[in-house]
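To start, the structure itself, in structure tokens.
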There are 2 protein chains.
Amino acid sequence: MATISDVAERAGLSRTTVSRVINQHPYVSEEKKKLVKQAMEELQYVPNSNAQKLRKQKTETIAVYVPRLTNPFFSQLVETMEEVAAEKEFQLLFCQTRYNKQQELSYLQLLRGKQIDGLILTSMENHWTEIEPYLTYGPIVLCNEYDYEAKVPMAHLDQVMGGYIGTQHLIDRGHQSIVYCSSEPGGSRVSKGRQEGYIKAMHQAGISIKPEWMYTDQFTIEGGKRLFYRLHNLKERPTAVFTGSDEVASGLIFEARKNGYRIPDDLAVIGFDDQPVAELMGLTTVKQPVHQLGRTAMELMVEQIQSSQKISSNRVELPFELIIRDST
Amino acid sequence: MATISDVAERAGLSRTTVSRVINQHPYVSEEKKKLVKQAMEELQYVPNSNAQKLRKQKTETIAVYVPRLTNPFFSQLVETMEEVAAEKEFQLLFCQTRYNKQQELSYLQLLRGKQIDGLILTSMENHWTEIEPYLTYGPIVLCNEYDYEAKVPMAHLDQVMGGYIGTQHLIDRGHQSIVYCSSEPGGSRVSKGRQEGYIKAMHQAGISIKPEWMYTDQFTIEGGKRLFYRLHNLKERPTAVFTGSDEVASGLIFEARKNGYRIPDDLAVIGFDDQPVAELMGLTTVKQPVHQLGRTAMELMVEQIQSSQKISSNRVELPFELIIRDST
DNA sequence: TATATACATGAAATCGTTTTCATAACTGAT
DNA sequence: ATCAGTTATGAAAACGATTTCATGTATATA
């Protein structure tokens, strides 16, 4: 494979000049520029990007961490991020943490090894204090996930508000016994915030929350089905359910209908995200502007990489939207 | 940031020895090994991976090209591939071609720039002859997409069989006027093969195909909705539809029900893939073993990278499964 | 005892670029 | 005529690792 030296030799010039042409430096005469371009063409020369990265100390690569891709929320996010990255001529390294602290930490080494210019976290398995030290090695941007202690750019939503809006809608519809089921396993901020919103709305309405109304760790269609049977078997059945994802809501409704429930009369269900399946299932849901979320996060990242000074904090908060369909 | 020289100095040894420890070469005494490890620890040393890649001429990175991630078929594929890659200690570079020839070709440059060790194509926008030359620069594996001219490893399904199975099922149910709607835009092999299977089944059953029974370029829920209205407006409406994806099938059923159609009595619909939504919609579908497809492709890739000799051809064909639910 | 072989280490070359530094020619202003 | 600044080019250093080659010592073999 041809190297820059081969090109230089063929053009009868120095490596430096060839490099200048590649990098569009000024101060190369048109004449030599032509010679170089011809030689590159003839040799089918493409610069070795590892050599470039080593020398330039830049990789033009951004890593994005998601828990699991088949969660449509995250695949939408990644799709958008790749688009924006491509626009800005960055590559995307894709990593799944699988809701696993160790996995997340091990992927963080990519930053230290200079393999990437920056890192976007869409979820955080570890506490921020575990992650913060890695800021020495490169910029980190939070997307969806947030942490008010963290002094880094972030694009996210006010999850407390999200939980509040959804719960309030159910209360407005006249419900009193409302189950809350979180989507994110573990104690993520996202999940905690949403739960806080639920509690706030319930308290404001003067409803006291029963312990058997709180569920966690369900975040799939299967989880929604399981949830149905748990509720079905309660002595006092709730009249409404707030779920942390359209998946869970869909599974729940599916299984409920199979068991003869009429939705929303026997059970009202509200989802979260407004994924494509929400429309198909006629799901009332709290819509997150996923597209905008991903775009903003990637733009914050690129901005930070390209500006020399460190942007310590730049928080973008996007709005929710309540989409009312037939499940409430 | 500490370099290998810093570590060597601190340990009172040469860079060579430090490198040997990093790479687990034999012929390093336990004593020195300890010294090196301690020095690495104290300096928080992590090797610069760009330097390693440059010198080793290996990147431990595999690129995977998909058209668009939000197609659940592809996000499942990528999810699995990342898992397998992580097992084998490879990184995943993620690229979307957006069903665009140019985009695909421009991403192919990654191979020439030595940025990746290999490339998995899950779809092919360009003809194989356009892609073949890049084999000089590194291995390419086909996944889902296939081409019998291509002498490269591939994991795929017999799409002719897929089209046949689905159509035959509709024929078995007594249908005669069956619409075919492909999912893949353009003239991909996958799409062509499936169509061939449809034609084969129809011919075998002695049914002649009407031109208004063939649709292409629909591959989303919205596309399914549009398809419904097209069919609805036909003078002679078909009694069954074979769709190339569960998305299209779902959109079609959704809109049909909205317009008072009973499924499957007024219109039978069969999907493709068996995505999660298929169960929710009660969709009969031709299941593709996506998980296995992704795993096999990634394994073929790693195998080829790690074995020194070129494996010119290693074709793995996986089986379909017909999942019968309520839509037929 | 001579000699091949395994073990252990380091100096220097190498991977393929970009960057720094040096040099020189040309331009325009004083 | 001199000086400063712009334009144009190349030699050599640098990026941070691994690999090759050379050398020395300990051990086993004939």
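Values below: every heavy atom of this structure, side chains too, minus hydrogens, waters and symmetry copies. Order of the sequence lines fixes the chain letters, A, B, ..., with proteins taken first and strands second; residue numbering starts at 1 for each chain.
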Inset, instruction - May I ask you to check whether over 12 heavy atoms, not counting those of Glu9(B), lie within 6.0 Å of atom CD? - result: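 Not more than 12 within 6.0 Å, no.
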Legend entry - More than 12 heavy atoms of other groups within 6.0 Å of Glu60(A) CD: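 Above 12, so yes.
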Legend entry - Donor-acceptor under 3.5 Å (Arg189(A) side chain, Met124(A) main chain):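 No.
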Legend entry - Identified side chain to side chain contact (heavy atoms under 4.5 Å, CB included) counterpart of Leu121(B) within the set Asn144(B), Leu142(B), Val141(B):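 Filter result, single survivor: Leu142(B).
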May I have the distance from [X] (atom [atom1]) to [N] (atom [atom2]), rounded to whole angstrom?
| X | N | atom1 | atom2 | value |
| --- | --- | --- | --- | --- |
| Ile4(A) | dT9(D) | CD1 | P | 15 Å |
| Glu9(B) | dG16(D) | CD | P | 15 Å |
| Asp6(A) | dG16(C) | CG | P | 9 Å |
| Lys58(B) | dT18(D) | NZ | C1' | 13 Å |

Inset, instruction - Determine to 10° how strongly the helix from dT1(C)-dA30(D) to dT30(C)-dA1(D) is bent, judged from the axes of its five-pair ends. - result: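 Roughly 40° between the end axes, to the nearest 10°.
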Inset, instruction - Scan side-chain atoms only and decide if Ser19(A) and Thr16(A) contain a donor-acceptor pair under the 3.5 Å cut-off. - result: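 The criterion, which ignores hydrogens and geometry beyond distance, is not satisfied for Thr16(A) and Ser19(A).
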Legend entry - Pair Tyr134(B)-Gln109(B), side-chain donor/acceptor within less than 3.5 Å: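 A pair is found: one side chain offers a donor N or O, the other an acceptor, under 3.5 Å apart.
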Inset, instruction - Hey, can you tell me if Tyr107(A) and Tyr65(A) have their rings parallel, tilted or perpendicular (30° and 60° cut-offs)? - result: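 If you compare the ring of Tyr107(A) with that of Tyr65(A), the planes turn out tilted.
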Hey, what do you get for [atom1] ([X]) to [atom2] ([Y]), rounding to the nearest 0.5 Å?
| X | Y | atom1 | atom2 | result |
| --- | --- | --- | --- | --- |
| Lys32(A) | Leu13(A) | NZ | CG | 5.5 Å |
| Arg68(B) | Ser123(B) | CZ | OG | 12.5 Å |
| Lys151(A) | Asn314(A) | NZ | CG | 13.0 Å |

Legend entry - Stretch residues 43-57 of chain A: residues that reach within less than 4.0 Å of DNA chain D through a heavy atom: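 Leu54(A), Arg55(A), Gln57(A), in order of number.
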Inset, instruction - Determine the minimum heavy-atom distance between Leu293(A) and Phe73(A), stating which atoms define it. - result: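 Residues Leu293(A) and Phe73(A), closest heavy atoms: CD2-CZ, 4.0 Å.
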Inset, instruction - Kindly state which residues belonging to residues 15-39 of chain B come within less than 4.0 angstrom of DNA chain C, counting heavy atoms of the residue only, listed by number. - result: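 Arg15(B), Thr16(B), Thr17(B), Arg20(B), Tyr27(B), Val28(B), Ser29(B), Lys32(B) - these, ordered by number, are the residues of the stretch whose heavy atoms sit under 4.0 Å from the strand.
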Inset, instruction - Would you tell me if any nitrogen or oxygen in the side chain of Thr3(B) comes within less than 4.0 Å of OP1 or OP2 on dG16(D)? - result: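 No, no such contact exists.
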